[in-house]
Each structure stands twice: as structure tokens, then as C-alpha cells.
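In the text below, chain A, chain B and the rest are named by the order of the sequence lines, each starting its count at 1.
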Amino acid sequence: MQIQQIHPWPSSVEEATEIQETLRNQVITTDQLNTPIQYVAGVDMGFLEDGTMCRAAVAVLSFPDLKVVETSLVYRPTTFPYIPGFLSFREIPAILDALEKIKNIPNIILCDGQGIAHPRRFGIACHLGVLVDIPTIGVAKSLLVGKYEELPAAKGSWQPLIHKNETVGAVLRTRTGVKPLYISSGHRISLPTAIDYVLRCTSKYRLPETTRIADKLASNR
DNA sequence: GCGACAG
DNA sequence: ATCTTGTCGC
């Protein structure tokens, strides 16, 4: 797929913050999906050589049967450090390169990390979604910001994730009795719809199949 | 000023 | 993210 270069990559947190403050206005948190949903994708990163090199992986699966139809893997130098709140600047450059090699354009991309459940409402899922203009969902394994009430142990149960008096996402149990996932809108999708697709992309494990496959590729397992 | 802090 | 063995529980 073709990818537009919208902005240069920053070399400081100040520049990165400006980009976030600007692009956050382009995020859409209502449903704008192209139906029917035929392909869903997962993206993930792995680091090697003491973190100086990284590997970005994309896995495109058919929906709703969740069969792998295409994968992409790129190996690149790491260009930005990990700073909470600025994850996208570390991971997206390589992810875009991996996405560029994909031929089956996904209808939804599940990202490893937050969407609008972010201090400036612009987590990695929002950033990637705005850059490629594809619906994205933030699927994080741990909390960045917000609070929530404890939720039932049953798969499918969830609680709103609140930050500064605002619902920014959901804490979702994707597997009974297992730690929940933090779901939030990335771009062009609402929270209820995001929760629905995350559950429909999850079969036997805590993580959606999309991210599990991309995870394996990126870590070479 | 003191903690919290996606991957 | 990554370094790492066994171990508890369904």
C-alpha cells in the first residue's frame, strides 16, 4: 500500500509534542469503517542488538475466520528512545515501512499500545490511523493513564476507562480469569465497535490473534 | 516537589 | 521491549 509522508520525524520531545498537539485534531472517534470487514491486521515491534536495531511486523488476517493471508517484516535501526507518552515516534517509522509492503489493505488495524487513552489523546493507534487513514484500535497490555472500577472475571466483561473526567477507553476481559486489556479508539472507530472487534479477533488467548501473530514475527519465534 | 509512566 | 527456569494451576 501507498503511504504519505505527512510530517518529518522529530528529534526531541518538544517537536514530538507539537506534532501530537497538531494531529490530535484529525482523530475521528466515530465509526467510519468500510464494510464488509474482510481483512484485519496486527502490527508489532521487536528490538535487538541492545535496542539499537528493531524489527517491525505486520500480519494481515481474513475476517471473521482469522486466517493469516499476508505478513510483512522489516529490520531497521532504532531512531527514537522509549519515552512514556511518545511511543509512536519510536515505533511508527518502521511500521510504515512494513505496511508499505502489504498488498491486502486491512479494513482495521489493531495496534500494540493506546489509542486516545493517552495524556494528549494521541497514542500510537491514533497516530498510525491518521497517517495511513485506516481505522485503528489501541490494544494495550498495561495502563498508561486513567482509572477504572474492578471488573468481573468473565470474558467479555468490561469497565470504562476514565481520565480527567472523560471516558477514554475500556478495560476489557478477553479471557476469563486473566488480566484485562486496555482498549481505546485509534481512528475512525468508536469505543463500542472497537470492543466488539477486539473480542471477535480473540479466540483462545488473552491477546487478539492479529497481535499474537505480529508479535511472533517481530520477536522471531 | 513527588510519583506514574503504552512498548 | 528484553534478560531468563522453574513452577503453580486449570
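We find that the ring of A:Tyr82 and the base of B:dG7 stack, their centres lying under 5.5 angstrom apart and their planes tilted less than 30°.
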With both pairing distances under 3.5 angstrom for Watson-Crick or G-U wobble, and | for a partner in another strand, the correct string for DNA chain B is .......
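A:Phe63 is not listed as a side-chain neighbour of A:Asn107, based on a closest heavy-atom distance of 4.5 Å or more. In this structure the side chain of A:Ile95 never reaches within 4.5 angstrom of the side chain of A:Val74, judged on heavy atoms. At least one side-chain heavy atom of A:Ile183 sits less than 4.5 Å from a side-chain heavy atom of A:Val139. Residues A:Glu21 and A:Arg120 form a side-chain contact, since some pair of their non-hydrogen atoms from C-beta on lies under 4.5 Å apart. A 4.5 Å side-chain heavy-atom check between A:Tyr197 and A:Ile37 finds at least one atom pair inside the cut-off. Side chains of A:Ser184 and A:Val168 form no contact here, defined as non-hydrogen atoms less than 4.5 Å apart.
When rounded to the nearest whole Å, the span between CZ of A:Phe80 and C1' of B:dG7 equals 14 Å. When rounded to the nearest whole Å, the span between OH of A:Tyr182 and P of B:dA4 equals 15 Å. The distance between atom NE2 of A:His118 and atom P of B:dA6, rounded to the nearest whole Å, is 11 Å. Between the P atom of B:dA6 and the CG atom of A:Leu144 lies a distance of 6 Å, rounded to the nearest Å. One atom, CG of A:Leu143, and another, C1' of B:dG7, lie 14 Å apart when rounded to the nearest Å. Computed from coordinates, the A:Arg120 CZ to B:dA6 C1' distance equals 12 Å when rounded to whole Å. Atom NZ of A:Lys179 is separated from atom P of B:dA6 by 12 Å (rounded to the nearest Å). In this structure, A:His163 atom NE2 and B:dA6 atom C1' are separated by 13 Å, rounded to whole Å.
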N/O to N/O distances under 3.5 Å, protein versus nucleotides 1-3 of chain C:
| from | atom 1 | to | atom 2 | distance (Å) |
| --- | --- | --- | --- | --- |
| C:dA1 | OP2 | A:Lys141 | NZ | 3.2 |
| C:dT2 | OP1 | A:Phe47 | N | 3.4 |

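By the rule that hydrophobic residues join a cluster once side-chain heavy atoms approach within less than 4.5 Å of another member, A:Ile3 and A:Ile109 end up as members of one cluster.
Among A:His118, A:His187, A:His7, the one residue that satisfies the ring pair (Phe, Tyr, Trp, His ring centres under 6.0 Å) test with A:His127 is A:His7.
Paired runs in DNA chain C never reach 3 or more consecutive Watson-Crick or G-U pairs with both distances under 3.5 Å.
Side-chain N/O atoms of A:Ser88 include none lying less than 4.0 angstrom from OP1 or OP2 on B:dA6.
When every heavy atom of A:Leu199 is checked against every heavy atom of A:Arg173, the shortest pair comes out as CD2-O, 4.2 Å.
Ion pairing between A:Asp112 and A:Lys141 holds under the 4.0 Å rule for side-chain N and carboxylate O.
A:Phe89 and A:Trp9 have perpendicular rings, their planes meeting at more than 60° on a 0 to 90° scale where under 30° would count as parallel.
A:Phe86 comes within contact range of at least one nucleobase, with a heavy-atom separation under 4.0 Å.
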